[in-house]
Amino acid sequence: MAKRDYYEVLGASKGASADELKKAYRVKAKELHPDRNSDNPNAEAQFKELNEAYEVMKDADKKAAYDRYGHAAFEGGMGGGQRGGYGGQGDFSSAFSDVFEDLFGDFMGGRGGGGGRSRAQRGSDLRYNLRVSMEEAFSGVQKTINVPTAVTCDTCRGTGAEGGAEPVGCPTCSGMGKVRAQQGFFTVERTCPTCNGAGQIVKNPCKVCHGHGRVEKDRSLSVNIPAGVETGTRIRLAGEGEAGARGGPSGDLYIFIEMKEHPLFQRDGVHLFCRVPITIATAALGGEVEVPTIDGGNARVKVPAGAQTGKQMRLRSKGMPALRGGGTGDMVIELAVETPVNLTSRQKEILREFDTLAANNNPEGASFFTKVKSFWDGMKG
């Protein structure tokens with residue numbers, strides 16, 4: 001049976017560039033892969049035909065010969081090359097290795113340059129939860145924290161080898177960190193079992209870190225907590241995380257702020273809320289009360305006559321500072337009229353007199369209460 005045109009097999013137009021051919025090949029390879037077409041008895045043959053076409057077209061010299069002579073360039077003495085095209089198992093395995101790398105190289109580390117060749121590894125990022133008081137969040141504070149982390153071993157200077165000697169290349173994977181095994185048409189790549197993907201081995205491990213190049217240790221750090229932080233604020237300390245492996249850079253330390261509860265103030269963003277008790281006399285006659293502020297001072301607030309429980313008053317710029325500038329919030333005061341308890345006889349007498357006078361001043365209200373009293377008296381009778 002006559003061979004199909006290689007451009008047609010790849011689904012590419014005549015004269016397509018190398019990038020266009022590669023893109024077309026990837027699409028077709030995913031579409032025709034036998035594992036995805038188990039119900040198609042011709043899938044393996046079609047996939048083999050696709051790889052044969054790409055094996056020619058990805059090579060500039062072979063592509064030029066094919067563009068000039070067609071399939072005849074690789075038959076009987078014309079090209080002097082491989083007899084019978086690219087139908088052998090070795091050629092197919094090589095082609096499939098290429099498609100394996102093309103399709104899955106990003107996940108497996110790529111060809112050649114991946115795996116153990118990138119030996120240095122960045123250290124892990126760490127998280128530290130720090131609780132601060134509202135006063136500390138208002139003014140900002142310098143805190144000293146102790147962070148348990150992995151640090152570079154001083155004995156071997158992070159190499160993991162006794163005396164600081166450099167590790168040597170892994171003999172199993174030749175420093176690649178990966179090994180390949182041929183299984184029929186498939187080339188399987190996996191992590192090297194000897195070096196665990198590092199590409200290097202330590203012949204004489206350090207007795208302190210046991211070849212890891214890092215040891216566990218508590219580190220004491222001074223942290224600047226800026227004014228205006230609140231629960232959920234994240235502070236990043238670059239390079240203060242876990243030490244990197246095999247000379248890699250350290251990770252970062254992230255400090256997450258959590259606010260402690262305050263006995264007087266509740267916070268909503270940059271604003272503060274405070275509940276202030278006042279006496280019946282102050283509520284009725286008006287007056288002034290002194291309230292504490294978050295900066296440690298006091299503020300005098302004028303209470304209007306006839307104030308009721310729940311009345312709110314605002315003190316401008318007495319709240320929390322914004323984290324990155326932008327002014328200061330307000331402090332909202334909510335009044336709470338307190339009912340007196342444990343009254344003396346004289347205080348009770350004065351209140352009864354006040355109640356009588358209030359009834360005279362408000363006959364409609366007095367009439368209502370008289371009716372209520374009569375109702376309850378009738379219920380008791």
Side-chain angles (χ1 to χ4, degrees), residues 101 104-132 136 140-181 188-226 229 232-258:
E101 291 287 358
F104 307 109
D106 291 340
F107 300 99
M108 301 296 291
R111 182 182 295 183
R117 291 193 181 274
S118 180
R119 299 183 180 95
Q121 291 182 1
R122 181 180 181 275
S124 299
D125 293 334
L126 299 178
R127 171 175 177 152
Y128 187 92
N129 295 328
L130 180 63
R131 301 187 75 215
V132 298
E136 290 171 334
V141 67
Q142 196 82 14
K143 288 271 193 181
T144 300
I145 61 174
N146 290 315
V147 182
T149 182
V151 299
T152 301
C153 176
D154 293 331
T155 304
C156 66
R157 299 187 296 277
T159 64
E162 186 71 28
E166 289 293 328
V168 298
C170 174
T172 303
C173 64
S174 301
M176 294 299 295
K178 298 175 182 177
V179 292
R180 289 182 177 182
V188 179
E189 187 177 70
R190 61 180 182 272
T191 301
C192 174
T194 303
C195 65
N196 293 320
Q200 297 175 322
I201 59 172
V202 176
K203 287 189 174 180
N204 298 308
C206 171
K207 293 181 175 61
V208 176
C209 66
H210 306 291
H212 297 295
R214 299 181 294 183
V215 293
E216 293 294 328
K217 185 178 179 180
D218 282 354
R219 295 181 59 205
S220 180
L221 298 173
S222 181
V223 183
N224 180 40
I225 307 299
V229 296
T233 298
R234 188 181 70 172
I235 299 172
R236 174 176 172 261
L237 299 183
E240 297 294 351
E242 193 175 73
R246 296 183 290 278
S250 297
D252 299 333
L253 173 63
Y254 290 92
I255 298 175
F256 285 78
I257 300 298
E258 180 184 353

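Just so you know, these numbers come straight off a predicted model, no measurement behind them.
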Side chain to side chain contact (heavy atoms under 4.5 Å, CB included) evaluation trace for Arg157 with Thr152: CA-CA 7 Å; Arg157 299 187 296 277; Thr152 301; 5.7 Å; no
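For the atom pair Tyr128 OH and Ile235 CD1, the distance stands at 12.5 Å (nearest 0.5 Å). Once rounded to the nearest 0.5 Å, the distance linking CD1 of Ile201 with SG of Cys170 reads 5.5 Å. In this structure, the separation between SG on Cys192 and CZ on Arg180 is 14.0 Å, given to the nearest 0.5 Å. Note that SG of Cys173 and CZ of Arg190 are 12.0 Å apart. Values are rounded to the nearest 0.5 Å.
In this structure, a donor-acceptor pair under 3.5 Å is absent between the side chains of Arg131 and Asn129.
Atom CG of Asp125 has more than 12 neighbouring heavy atoms from other residues, nucleotides or ligands inside a 6.0 Å radius. By the neighbour-count criterion of 12 heavy atoms within 6.0 Å, atom NZ of Lys143 is densely surrounded, having more than that number from other residues, nucleotides or ligands.
By the side chain to side chain donor-acceptor pair (under 3.5 Å) test, Glu242 is found to be paired with Ser124, Arg214, residues two or more places apart in sequence or in another chain being considered. With sequence neighbours left out, the salt bridge (charged side-chain N to carboxylate O under 4.0 Å, His left out) criterion links Arg219 to Glu240.
Listed here is the closest heavy atom pair of Thr155 and Val208: OG1-CG2, 3.3 Å. Between Gly160 and Cys209, the shortest heavy-atom distance links the atoms CA-SG, 4.1 Å.
Considering only heavy atoms from C-beta on, Gln142 comes within 4.5 Å of Ser222 through its side chain.
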Less than 3.5 Å apart, which donor and acceptor atoms pair up between the side chains of residues 250-257 and the rest of the protein, not counting sequence neighbours?
| from | atom 1 | to | atom 2 | distance (Å) |
| --- | --- | --- | --- | --- |
| Asp252 | OD1 | Gly239 | N | 2.9 |
| Asp252 | OD2 | Arg122 | NH2 | 3.3 |
| Asp252 | OD2 | Arg236 | NE | 3.0 |
| Asp252 | OD2 | Arg236 | NH2 | 3.1 |

